[in-house]
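Submitted below is the structure of interest, expressed as structure tokens.
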Number of protein chains: 2
Amino acid sequence: MAEKQTSAGKDDYHHGNLRVELLRVARDMLEAEGINALKLRAITREAGVSAMAATPHFGNLRGLLTALATQGFEELACTLREGNGRSVKDAGLAYVLFAVRNPGLFTLMFRGDAINRHDAAFTHAAQQSFGLLGQLLAQTEPPKTHKSDVGGEVGQAALWAKVHGLAVLAIDGLLAPLVVQSGFADHQEAFLAQALDAMVGPV
Amino acid sequence: MAEKQTSAGKDDYHHGNLRVELLRVARDMLEAEGINALKLRAITREAGVSAMAATPHFGNLRGLLTALATQGFEELACTLREGNGRSVKDAGLAYVLFAVRNPGLFTLMFRGDAINRHDAAFTHAAQQSFGLLGQLLAQTEPPKTHKSDVGGEVGQAALWAKVHGLAVLAIDGLLAPLVVQSGFADHQEAFLAQALDAMVGPV
DNA sequence: CACCAATCTTTACATTGTAAATTATTCTTG
DNA sequence: CAAGAATAATTTACAATGTAAAGATTGGTG
């Protein structure tokens, strides 16, 4: 019973890096077919393994999605770090651009009912991204919040809400009518940058 | 074969208002158990009818959820109309408060992969809410957007993004740490009002 | 009353997630 | 190198879901 199929052939068992392969396949399907195409059977089928092959690596579907979302937050942190010492608008724009360029992943990262928010790795990655974002956003802006906002939490929430709202609305396609109506045609990213300008820096 | 159970008893067939009853049950389950408790079989079971009883009224599960989301947008429009001729902050606050007081419903209203956005009634209700919100937000604010924003679409997107982002983050529980850290304790709504103040009116 | 359309039920089936048991492979240790 | 243990993957089985199809029940209209 030597060979099984004409497939890769290396070794069916102990695939070696099935974990990263499953994450890769899942991510491709996520961006290609949307978030509710992320069925465990579909992912494993696409990867050429049996349905239960994911169990040793992720436990269950929720575990796999959590790992994928974790990866997303790690990449987001990287992206935020790249546009580093620059202005608030750059940090905000990096956030929004990451979202609209990875819409499925970004959606998954914030879909609390599909992942396990108490997972250690996830919590770590998310906290890191959030802390980094807050730090970048606050570096230029202690805006005119109410005097009771001693710690700056209100201002930080306001800044985060601005960029996050823009990201979510853009991903959901709800800004498309405004974009075309404003003459930006198919340059959504330019429109988003303009909207950010209108939001974060009216000092 | 007169009676069936000790239930309402009126008539098992031709329930009369099964449509509104199913929507009521679904909404209760939505807010009580979260959005992924909205299974067709669970809803019909809770309503005391067979699994396929929803078909004549909604077609399928997506149709039911779409009707529920439509109802949500109608209520949102009502809420926006109530706090009418007042300031932008009031309109924005009405939007955010509706969200945090109906978190499941609000989430469903914007979950494009669970509903049918091309449904006529849904489109009508959503457009009505969006138009009303834009009108309320724009009535006080032609803010210092770029000179190229002739139609005001950029400013409108910015304002919508602010309130929507605040709503989404609050519903997802992501603002909770900031709320407690800022000393607002369990008065999240006061925190949200403060954040809105910091966002929409820094003229 | 007879008929029809609408409403609801029953049955059946494909699909999903995953628990349990099994098999195959690799690693460890003598 | 030869077991034995540990890991990885498969197979099988089962409960739950959405819904298509066909049958049963009711109300309204001729």
Side-chain angles (χ1 to χ4, degrees), chain A residues 1-5 7-26 29-30 33-68 108 111 113-116 119, chain B residues 1-5 7-26 29-30 33-68 108 111 113-116 119:
Chain A
M1 72 284 266
E3 77 295 79
K4 256 205 167 176
Q5 284 166 323
S7 68
K10 311 185 73 172
D11 40 353
D12 273 5
Y13 268 78
H14 287 65
H15 183 287
N17 53 349
L18 181 57
R19 185 188 210 290
V20 307
E21 176 70 7
L22 285 175
L23 288 176
R24 198 187 59 76
V25 168
M29 296 179 59
L30 171 60
E33 309 171 46
I35 199 170
N36 41 10
L38 286 185
K39 321 265 187 199
L40 186 53
R41 287 178 117 107
I43 297 168
T44 52
R45 196 185 310 143
E46 181 76 15
V49 296
S50 80
M52 302 300 292
T55 305
H57 304 283
F58 303 102
N60 52 17
L61 173 61
R62 178 172 297 257
L64 198 159
L65 300 188
T66 303
L68 195 54
L108 179 66
R111 191 157 286 193
D113 57 326
I115 64 179
N116 175 20
D119 178 84
Chain B
M1 74 283 268
E3 76 296 82
K4 253 206 168 178
Q5 286 164 321
S7 69
K10 312 183 75 168
D11 40 352
D12 273 5
Y13 270 77
H14 288 65
H15 183 288
N17 53 349
L18 181 57
R19 188 189 151 90
V20 306
E21 177 69 7
L22 284 176
L23 288 176
R24 198 187 60 77
V25 168
M29 296 179 59
L30 171 60
E33 310 170 46
I35 200 170
N36 40 8
L38 287 185
K39 322 265 186 200
L40 187 53
R41 287 177 116 107
I43 297 168
T44 52
R45 196 185 309 141
E46 181 75 16
V49 296
S50 80
M52 302 300 292
T55 305
H57 303 284
F58 303 102
N60 52 16
L61 173 62
R62 179 172 296 256
L64 198 159
L65 300 187
T66 303
L68 196 53
L108 180 66
R111 192 157 284 195
D113 57 328
I115 64 179
N116 175 19
D119 178 84

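Fair warning: this is a prediction, and the values are worked out from it, not measured in the lab. Numbered from 1 within each chain, the chains take letters A, B, ... in sequence-line order.
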What residues, two or more places apart in sequence or in another chain, satisfy salt bridge (charged side-chain N to carboxylate O under 4.0 Å, His left out) together with B:R111? A:D113
Below 3.5 Å between N/O atoms, which protein atoms pair up with nucleotides 18-22 of chain D? Just atom names and distances, please.
| from | atom 1 | to | atom 2 | distance (Å) |
| --- | --- | --- | --- | --- |
| D:dG18 | OP1 | B:L40 | N | 3.0 |
| D:dG18 | OP2 | B:L40 | N | 2.9 |
| D:dG18 | OP2 | B:R41 | N | 3.0 |
| D:dG18 | N7 | B:R41 | NH1 | 2.3 |
| D:dG18 | O6 | B:R41 | NH1 | 2.8 |
| D:dT19 | OP2 | B:L61 | N | 3.0 |
| D:dT19 | O4 | B:R41 | NH1 | 3.2 |

What closest approach, in Å, do A:T44 and A:A51 show between heavy atoms, and which atom pair accounts for it? OG1-CA, 3.5 Å
When you look at A:L30 and A:I35, which way does the side chain to side chain contact (heavy atoms under 4.5 Å, CB included) test go after all the steps? CA-CA 5 Å; A:L30 171 60; A:I35 199 170; 3.9 Å; yes
Spacing of B:L40 atom CG and B:R45 atom CZ [to the nearest 0.5 Å]: 10.0 Å
How many whole angstroms separate atom CD1 of A:I43 from atom C1' of C:dT18? 14 Å
Whole angstrom value for the distance that separates P of D:dA9 from CD of A:E21: 12 Å
Atom pair distance, as rounded to whole Å: CG in B:N17 and C1' in C:dT7: 13 Å
When you match A:S50 and B:R45 each to their closest nucleotide on DNA chain D, which lands nearer the 5' end? A:S50
Whole-Å distance, A:H57 NE2 to C:dG17 C1', equals 18 Å
Can you tell me how far the NZ atom of B:K39 sits from the CD atom of B:E46, to the nearest 0.5 Å? 15.5 Å
Looking at A:A114 and A:R62, what are the two nearest heavy atoms and their distance? O-CG, 3.9 Å
In whole angstroms, the gap separating C1' of D:dA9 from CZ of A:R19 amounts to 16 Å
Through what angle, rounded to 10 degrees, does the axis of the helix from C:dC1-D:dG30 to C:dG30-D:dC1 turn between its ends, using five pairs per end? 0°
B:N36 CG to D:dT17 P, in whole Å, measures 12 Å
Hits for salt bridge (charged side-chain N to carboxylate O under 4.0 Å, His left out) against B:R41, two or more places apart or cross-chain, chain-then-number order -> none
Shortest non-hydrogen separation from A:M29 to A:A42 and the atoms involved: CE-CB, 3.8 Å
Using side chain to side chain contact (heavy atoms under 4.5 Å, CB included) as the criterion, point out the one residue from A:T66, A:L23, A:L65 that pairs with A:F58. A:L23
Under-3.5 Å N/O pairs linking protein and nucleotides 3-5 of chain C:
none

Output all residues satisfying side chain to side chain contact (heavy atoms under 4.5 Å, CB included) with A:A26, sequence neighbours left out; order by chain, then residue number. A:L38, A:I43, A:L64, A:L68
Distance from B:E21 atom CD to B:H57 atom NE2, nearest 0.5 Å? 11.0 Å
Rounded to the nearest angstrom, tell me the gap between atom CG in A:L22 and atom P in D:dT10. 10 Å
